[in-house]
Structures are given as C-alpha cells and as structure tokens.
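Scroll down for the structure; my scribbles are underneath it.
Below, chains carry the letters A, B, ... as their sequence lines are ordered, and counting in each starts from 1.
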Amino acid sequence: MMKLTAEQEDALIEIGNIGMSKAAKQLSVLLNSPIKITIPKISFIPLKEIAQDETFDLEQIYILVSQRVGKDLEGCSALVFRREHANILTLAVIGVAPEFTQKEARAYEQEAMLEIGNVIITSCISVITKMVSQTVELSLPIYNEDKLLDLLRELFNSMNQSNQNLLAISTKLETQEDNLTGHLFLILTESSINALLEGIRKLTSG
Amino acid sequence: MNNKILIVDDSATARKLFKICLAENADYEVIEANAWQPAIELAKLHAPFLIFLDYNMPEKSGGEIAKLMQEQGITARFVLLTANTQQSIIDEVTALGFFDVIEKPVTVEHVKALLDKL
Amino acid sequence: MAKPYPDDDTFYQHIFNTIPVGVLLIRADHCICAWNQWMTNNTQINAKEALGQTIKSLFPNTVNLRFDWALDMVLTEGYPQILSSILNKYVIPIPLCNKAYSDLGMMYQNVEILPFIHGDEIMALIIIKDASENTRLTHTLISMAARFEKSSLLDALTGLYNRRFLWKYLDRELPNAFHEHYTVVCCMFDLDHFKMINDKYGHRSGDDVLVFFSEMAKSVLRPHDVFVRYGGEEFIGIFCRLKVEDAAKLANRLRKKLEAATLQEKITIKLTCSGGISYWKPSDAPMTPEQLVEKADTQLYIAKSSGRNCIVMDGMKQNLNEDSF
C-alpha cells in the first residue's frame with residue numbers, strides 16, 4: 001500500500017492549499033461572496049479502504065465533477081460533494097424560487113456544480129503542475145450523481161488501469177453562512193504518482 | 001536595523017520554499033516559526049526587521065498574529081504570504097499596517113522585488 | 001455521384017456560418033481570428049469588423065473577471081472552461097429584442113472555452129449558446145437578474161456605470177497606462193445648485209436632469225471614454241490616451257453644452273456644472289485610483305469656490321476654445 005511520508009504530505013497539503021486558495025478567489029468572484037477553502041487532510045487511500053473510512057457515508061448520494069488528466073500525469077481528477085452540501089452551495093447562489101419544479105432545480109444545480117467543479121479542479125491542477133514542473137491536458141468536466149463507491153468504481157473502470165490508489169484531498173469550503181466539506185480526488189497511474197512525488201522532491205530540495 | 005528575517009508558516013514545505021527563494025542572498029539570516037507562540041518568542045528574542053506571515057494558520061490567522069505582535073511591542077515590517085488574494089484579506093492586513101502582500105507560490109523574483117522596495 | 005466528404009473550404013465555411021451557436025476563436029494576444037454568422041446576427045458586428053480586434057475593444061465597457069481568468073486558463077495552460085448561464089450574466093453583451101424576454105435585457109449565455117491547438121500556438125475557441133431560448137427558464141432568469149442587480153456595476157437611474165465599476169476600471173487602467181506609457185485624465189463633474197432643483201421642482205425633475213446630463217455626456221464623449229455616476233449629482237469621466245489640454249477641452253465642451261441647453265419648459269433655472277480635472281502622465285510617479293479621484297475632487301472644490309460653471313485644472317480655470325479639439 002502506498003503511504004506518504006510526512007514531508008510529502010506536508011508538501012502536498014501546501015501545494016493543495018495554494019491551489020484551493022486560488023480556486024476560492026475565483027469562486028468568490030463567481031458566487032459574489034467571500035469564500036475560504038482549506039485542506040485539513042491528505043492521504044493515499046486504496047479504493048477498497050474508502051468503505052472503512054468514516055469520513056465517507058456510503059449510503060448517501062454524492063455528486064461528482066470529473067476531468068480526465070493526460071500527458072505528463074495520467075489519470076483523472078474529481079471533485080466530490082454530498083448532494084445536500086452541493087444543494088446548500090448552489091441554493092445560496094440560485095436562490096429559492098417557488099416557480100422551480102424539482103426537475104428544473106436539479107438541472108440548475110447540475111450546471112452550477114459543473115462550473116464550480118471546473119474552477120476548483122482547474123485551479124488545483126494548474127498549481128500542482130506548475131510547482132512540480134509537469135504539463136498536463138484536461139478534458140471538459142463531466143457531472144455524475146450516485147453513491148460514492150459506485151461513482152469511484154465507474155471512474156476507475158473508465159480509466160482501465162490496475163492502480164487502485166486515490167490521492168484524497170479533503171476540502172473544507174466556507175461561505176459566509178455555511179461550512180461544507182468535500183473531497184478532491186486525484187486518481188493517477190502508478191508511474192504518474194511517482195513522477196508527482198519526484199517533482200515534489202525536486203521542489204523542496206532547492 | 002539587522003539582517004534577520006522571521007518566517008511564520010505552519011507548513012514546513014512553505015518555509016523551505018521561502019528559504020530557497022532567499023538562498024542566493026547571503027545577506028539575510030532566516031529564522032523559522034511554525035506557530036504563533038514560538039513566532040512571538042522568536043520575534044522578541046531576535047528582533048527581526050522583517051516578518052513574513054502566512055495568512056492561513058491554525059488557531060490564529062497571519063493578521064491576528066501580527067496584531068498580537070504589535071501589541072507586545074514588536075516593531076518590524078510585516079509582509080503577508082497568501083495564495084488567497086481576495087480583497088477582504090488585503091483590506092484587513094492593509095488596515096493593520098502590513099508593508100506588502102506576496103502571492104503564493106513565492107518566487108525568487110517576488111522576494112527580490114520586495115527587498116528592493118525597502 | 002456526390003463525394004462523401006467534400007474537400008473544399010466553402011462547404012465547411014458554410015457549416016461554420018449556419019450552426020445556431022456563436023463561435024469565435026481568440027489568439028494568445030487576445031485578438032479575434034474567427035467570428036461566425038451567429039455572432040454577426042446577434043451583435044451586428046460582422047467578421048470583417050471583428051477580426052483583429054479584442055473582445056474588450058469591441059465591447060469596451062464590460063468588465064468580466066470570471067471570463068478574464070477563464071480565457072487566461074485556456075490560453076496559458078490549455079485547460080477547458082465552462083461558464084454557465086446560472087452563475088454568469090453574459091460574456092458578450094447581446095441585447096434581447098424578443099418581447100417575451102424584454103424583462104431580461106441581455107441574452108443569458110452558456111459558454112464553453114476550449115483550447116484550440118494550431119501549430120504550436122494555443123488559441124481559445126469560444127462557443128456561445130443562447131440560454132434564454134428555453135422559455136421554462138424565463139421566471140428563473142428574471143429572479144436571477146434581480147439578484148445580479150445587487151452586484152451590478154450599473155447605476156439604475158441613468159444606465160451609466162457606477163462607483164464600483166469605476167474602482168475596478170481604474171485598478172486595471174492605471175497599471176496598464178504605466179506599462180504602455182499613456183496619460184489618464186480624470187474629470188469630476190458636479191451639477192450646480194442641484195439641491196435647489198430638487199427642492200423647487202421635486203425629485204422626479206431632479207432625476208430627469210441627471211438622465212439628461214448622462215445622455216449629453218454620451219453624445220459629447222468618445223466611444224472609449226468611461227463616464228460613471230459617482231454620487232448623487234457627481235459624475236466622473238476617465239479619458240485615456242490624449243493630451244491633458246485636449247481632455248480639458250473635452251470636459252469644457254460638455255460643460256458648455258449643458259449651459260446652452262434647455263431641459264423643458266418646466267425648469268427655468270439655468271443648468272450648469274462644475275468640473276475638476278486630475279491626471280496621471282507617464283512621467284509622473286505611480287498613482288492609486290483613490291489619489292487620482294481625490295485630486296480631481298480638490299480641483300472641483302476650487303471650481304465651486306470660483307463661481308461654479310467652470311472646469312478647473314492645476315488650480316486654474318480652463319476657458320479654452322474647444323473648437324480646435
């Protein structure tokens with residue numbers, strides 16, 4: 001099982017925090033409200049251990065926005081929020097209008113989360129790749145909704161790779177009124193993980 | 001005015017990256033602190049002329065730490081290090097008398113430009 | 001028998017100009033290098049006029065930070081971006097003529113910006129879809145428009161940009177002027193005896209005067225000049241890339257036009273305004289937006305103290321013959 005050393009963890013949290021801060025700045029412009037995003041924890045988790053991790057509720061519906069990553073680092077990046085949290089976030093933006101049907105409300109939420117996910121993923125990947133001196137391509141974001149394990153399994157299946165480890169970056173997003181927790185997952189091939197860690201090593205050794 | 005610079009950041013990586021940016025400049029001595037209490041003690045002990053503070057720290061923010069330091073009579077120029085350059089934060093630290101705000105990731109050029117400003 | 005895959009450009013050109021979405025291509029230097037018929041139909045700007053221009057030069061008074069960042073992400077990193085109609089007002093200001101959407105004013109847009117690699121250049125392919133077509137969204141869009149009012153950069157009465165816009169604009173323009181070495185002139189106008197007009201003729205007439213002055217300013221100033229409603233009866237004009245003396249002439253032209261005008265039979269008081277000018281020249285030390293505006297305010301104070309109905313710059317009344325401008 002892959003495990004991060006203390007230095008690697010510290011480096012990834014710092015890099016991740018920088019990426020999230022830049023995302024927060026863009027989101028505050030987009031959502032017209034001060035936004036703060038912090039990273040309490042980062043770790044490598046094998047897919048099968050997600051079930052044992054109590055931060056995840058396996059019965060709840062989660063929403064997922066993902067973008068494929070290619071070139072120097074290969075895999076996929078996904079932002080995941082519990083549906084009710086995504087609901088809170090988008091409700092704050094879209095507002096409550098009695099004219100909405102359930103279907104309309106869900107459609108707007110989906111559109112809004114797609115853009116929010118796009119901003120967060122783009123910011124983070126941009127900072128990560130710059131700091132570890134790698135170049136990547138990103139695909140357009142895709143939205144999905146399901147139980148967490150099913151969502152993640154589908155991602156792994158679509159990537160068709162043997163490595164079953166995810167880099168889980170837990171994120172805390174604070175708006176003026178609410179506190180929401182989500183996760184940014186980075187699913188990379190084994191060689192990409194090594195390239196990433198090597199890039200970090202080079203960065204911190206001056 | 002001495003040549004001591006204090007860097008306060010809970011991330012060891014951030015402190016390391018900061019020192020790397022100053023590495024070419026042998027004129028300065030860099031002192032590190034990873035939390036607000038050791039930061040205040042070290043500031044009192046070494047009286048650095050420049051204090052760099054990370055905004056996002058556990059327990060107290062960079063702004064709050066600077067305020068505490070000022071209340072305890074520490075006279076140094078304060079610079080904020082942050083990746084989050086939202087206007088509310090810039091306004092907050094400008095009101096506290098911060099000399100400058102540097103956006104993370106910090107580069108050699110950023111630090112050089114700042115030192116030239118002094 | 002027709003060939004299955006036509007190999008002549010005109011065929012694909014035809015498709016490009018027939019598809020019911022806006023398509024434009026932007027180079028690394030932000031210049032437009034492709035513009036399709038949908039864009040022409042909806043903006044009344046044809047391809048010949050658009051090519052070589054930037055979006056900012058075609059639509060000078062739109063400030064869109066989200067779009068700027070998104071375009072930057074595509075051009076410098078090659079990362080695709082989406083801007084939804086739910087979270088964004090619009091990227092290109094397209095007025096809606098259809099009566100069904102008259103409450104909305106501008107077309108709501110779903111925009112995708114894709115990296116487009118041509119040789120070793122990364123360009124940005126912008127695809128604009130009209131989101132206001134869906135009539136089911138009409139109610140939602142109206143309520144969203146109301147919410148955007150809160151964060152609006154426009155003054156509701158006059159339709160001019162407001163104070164918030166001014167600061168955003170100057171935050172960008174002063175550093176730009178510094179890098180590109182051009183002059184920025186700020187003129188603060190203040191309608192004379194406005195309180196008296198409100199007291200004597202009522203606030204509705206006062207409002208009419210403000211709108212009247214705004215319209216007049218639009219007719220006197222150049223297309224790229226920025227004119228905002230700064231306060232109750234205070235307006236600020238920002239003129240760039242011209243000599244300070246010429247800016248003073250421009251300001252004086254507006255003042256004289258107001259002096260010569262009659263609003264309507266009701267208002268018998270002569271309408272006049274005072275103005276104070278400040279400027280930043282490339283030979284000057286860097287200046288903040290606040291400093292620029294404060295300096296203009298000081299000059300305005302001198303104008304008011306010197307009998308009103310005049311423009312003051314550098315402490316002196318500017319009684320220039322503006323015909324030569």
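- Within the model, atoms CD1 of I20(B) and OG1 of T204(A) stand 7.0 Å from one another, a figure rounded to the nearest 0.5 Å.
- Separating the CD1 atom in I89(B) from the OG atom in S21(A) is a distance of 7.5 Å, to the nearest 0.5 Å.
- Between A83(B) and K22(A) the shortest heavy-atom distance is O-CG, 3.9 Å.
- Heavy atoms of other residues, nucleotides or ligands lying less than 6.0 angstrom from NZ of K4(B) number more than 12.
- Judged purely by atom type and a 3.5 angstrom limit, D10(A) has no side-chain atom pairing as donor or acceptor with the backbone of S11(B).
- Taking a 6.0 Å sphere around CD of E190(A), one finds it holds 12 or fewer heavy atoms contributed by other residues, nucleotides or ligands.
- Of the two parts of T85(B), the backbone and the side chain both hold a non-hydrogen atom closer than 4.5 Å to a non-hydrogen atom of chain A.
- Look at K16(B) and E7(A) and you find no salt bridge, because none of the NZ, NE, NH1 or NH2 atoms lies under 4.0 Å from a carboxylate O.
- Atoms CG and CG, on N17(A) and N56(B) in that order, are 6.0 Å from each other to the nearest 0.5 Å.
- Surrounding CD of E154(A) are at most 12 heavy atoms belonging to other residues, nucleotides or ligands under 6.0 Å away.
- Contact annotation for D54(B): neither backbone nor side-chain heavy atoms come within less than 4.5 Å of a heavy atom of chain A.
- In this structure, chain A has no heavy atom under 4.5 Å from any part of A23(B).
- Both the backbone and the side chain of I18(A) come within contact range of chain B, judged by heavy atoms closer than 4.5 Å.
- Paired with T13(B) under the rule side-chain contact (heavy atoms from CB on, under 4.5 Å), one option of E9(A), E14(A), M131(A) passes, and it is E14(A).
- Crowding of K172(A) atom NZ: a count of heavy atoms from other residues, nucleotides or ligands under 6.0 Å not exceeding 12.
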